[in-house]
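To start, the structure itself, in structure tokens.
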Amino acid sequence: MNYNDFFVSALDKLRDERRYRVFADLERIAGRFPHAYWHSPEGKRDVVIWCSNDYLGMAQHPQVIGAMVDVAARMGTGAGGTRNIAGTNHPLVELERELADLHGKPGALLFTSGYVSNQTGIPTIAKLLPNCLILSDALNHNSMIEGVRQAGCDKVVWRHNDMAHLEELLKAADPERPKLIIFESLYSMDGDIAPIHAICDLADKYGAMTYCDEVHAVGMYGPRGGGVTERDGAAHRVDVIEGTLAKAFGCLGGYITGSTELIDAVRSYAPGFIFTTALPPAICAAATAAIRHLKTSQWERDRHQDRAARVKAVLNAVGLPVMPSTTHIVPLMIGNAEKCKMASDMLLEDHGIYIQPINYPTVPRGEERLRITPSPYHDDVLIDALAEALVDVWERLQLPKNRIALAAE
């Protein structure tokens, strides 16, 4: 038996579905973001990144870089082991205190990524609740879905942001049964927001716990960057707030915040915490510097929203099919996997613009799109150049345009 044939067959399937990915070899240069070097087959080229999750450009902030360099020089590069053995270091402890304060919670627990914090946090909490029923929003991230799967308990999926359906499911459950409602504050593919207060109202009414993923909102919303829960005055109502350090904070790691008892229980029972090497001190120090800066600096958030609004306005003005979004996410619908990949390739090769295609399983088949994420550092010249490049690609691929714009023509 040739086992390699199975892997070849799996890769051929992805190619047939136009879902096989080729990663661009990029070199980001601190101080020049969103500009980067692309190490193309023809040599090194200057490109502009339009799909980074370093939403506020904090990965290049002098205070963040300085904190990392200082602690790396003083404490070394590695953590030395798992938290239970040798990996608990003072910068990590400081970071957890900063995160708890950010969300107004008594405790916080750090993981190696936002994916792991969901994948291990959700099942650990659910398993500690006898006969728990999980109620999950239909558009929750894969990490949350995987966490639900690993919980091994009963689950029901409620239609995205549909409060009537959520209440129907809650009403049908045993009033005495522990229930855990899990949802995101900001859904990163469509850019829409959860009705957090309405969810919490139903949780109060039917005796459920709430778990909110703030991954795409922390740092960017709220007066101190606490996310949509802070902006909407709902943080105190949500039992568990989960987030990442790898997006707006420009570093690495994930976390959950909640009551002292909940955090201690997850710390004591979660395999994804117990058996994983801790984050290095330098990364923890850099993340703490980013959080502290964004707790007091509003410039990045204001400029970010301004840039996102301008991108939407410019792309709508030229007739491109911008999906409705009230947040910083700017999705452009294509609806065809092959053409979505072709559009991405043309933008990079012909225009020096890097935007990765979004396809199944991140979005359903037939809803393939380009997902644009402006930053505070995308100026008007770059936005206009993006619009011109997209119009060129849309025309060459004969992609559908905005219906309203077509009617106006």
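Note that this is a predicted model, so its numbers are computed, not measured.
Looking at Arg267 and Glu96, no side-chain N of the basic residue comes within less than 4.0 Å of a carboxylate O on the acidic one, giving no salt bridge. The existence of a salt bridge linking Lys341 and Asp345 is confirmed by a sub-4.0 Å separation between a basic side-chain nitrogen and an acidic carboxylate oxygen. Electrostatic pairing of Arg97 and Glu94 does not count as a salt bridge here, judged by no charged N lying under 4.0 Å from a carboxylate O. With respect to Arg292 and Asp101, no salt bridge is recorded, no charged nitrogen being found less than 4.0 Å from a carboxylate O.
The line from CZ of Arg18 to CG of Asp16 is 7.0 Å long, rounded to the nearest 0.5 Å. In this structure, CG on Asp204 lies 5.0 Å from CZ on Arg237, to the nearest 0.5 angstrom. How far CG of Asp192 is from CD of Glu184: 9.5 Å, rounded to the nearest 0.5 Å. Interatomic distance, Glu367 CD to Arg365 CZ, rounded to the nearest 0.5 Å: 12.5 Å. To the nearest 0.5 Å, the span separating OG on Ser259 from CG on Asp264 amounts to 9.5 Å. Once rounded to the nearest 0.5 Å, the distance linking CG of Asp380 with CZ of Arg310 reads 3.5 Å.
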Start with the C-alpha distance between Asn118 and His141, add both sets of side-chain angles, then the distance that settles side chain to side chain donor-acceptor pair (under 3.5 Å), and finish with yes or no.
CA-CA 9 Å; Asn118 277 332; His141 187 263; 5.3 Å; no
As a quick check of understanding, evaluate side chain to side chain donor-acceptor pair (under 3.5 Å) for Arg177 and Asn131, giving each step before the final call.
CA-CA 7 Å; Arg177 186 179 191 181; Asn131 193 30; 3.1 Å; yes
Report the C-alpha separation of Asp190 and His160 in whole Å, then their side-chain angles, then the decisive distance to 0.1 Å, and conclude whether the side chain to side chain donor-acceptor pair (under 3.5 Å) test is met.
CA-CA 11 Å; Asp190 292 347; His160 177 54; 5.5 Å; no
Under the criterion side chain to side chain contact (heavy atoms under 4.5 Å, CB included), I'd like the reasoning laid out for Leu294 against His61: C-alpha separation, chi angles, the key distance, then a yes or no.
CA-CA 11 Å; Leu294 290 173; His61 195 282; over 6 Å; no
Would you mind writing out the side-chain donor-acceptor pairs for residues 282-291 within the sub-3.5 Å range, not counting sequence neighbours?
unit_1, atom_1, unit_2, atom_2, d
Thr288, OG1, Cys284, O, 3.0

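Glu167 and Tyr206 share a side-chain donor-acceptor pair at under 3.5 Å. In summary, the side chains of Glu214 and His103 do not present any donor paired with an acceptor at a separation below 3.5 Å, with no hydrogens or angles considered. In summary, the side chains of Tyr377 and Asp379 do not present any donor paired with an acceptor at a separation below 3.5 Å, with no hydrogens or angles considered.
Using a 4.5 Å heavy-atom threshold, the side chains of Ile372 and Leu315 count as touching. Side-chain contact between Tyr255 and Leu95 is absent, with no heavy-atom pair separated by less than 4.5 Å.
Remark: Tyr115 engages Asn142 in a side chain to side chain donor-acceptor pair (under 3.5 Å) (not counting sequence neighbours). Legend: residues meeting side chain to side chain donor-acceptor pair (under 3.5 Å) with Thr257, ordered by chain and number and at least two apart, are absent. Shown here are the side chain to side chain contact (heavy atoms under 4.5 Å, CB included) partners of Gln356, two or more places apart in sequence or in another chain: Arg21, Cys51, Ser344, Tyr354. Qualifying side chain to side chain contact (heavy atoms under 4.5 Å, CB included) partners for Ala308, counting only residues two or more places apart in sequence or in other chains: His328, Pro374. Looking at residues two or more places apart in sequence or on another chain, you find a side chain to side chain donor-acceptor pair (under 3.5 Å) between His39 and Glu27.
Each of Ile181, Ile241, Ile256 was scored for a side-chain contact (heavy atoms from CB on, under 4.5 Å) with Tyr211, with one residue passing: Ile256.
Between the side chain of Arg371 and the backbone N or O of Ser188 there is at least one donor-acceptor pair closer than 3.5 Å. A donor-acceptor contact shorter than 3.5 Å is absent between the side chain of Lys247 and the backbone of Ala217.
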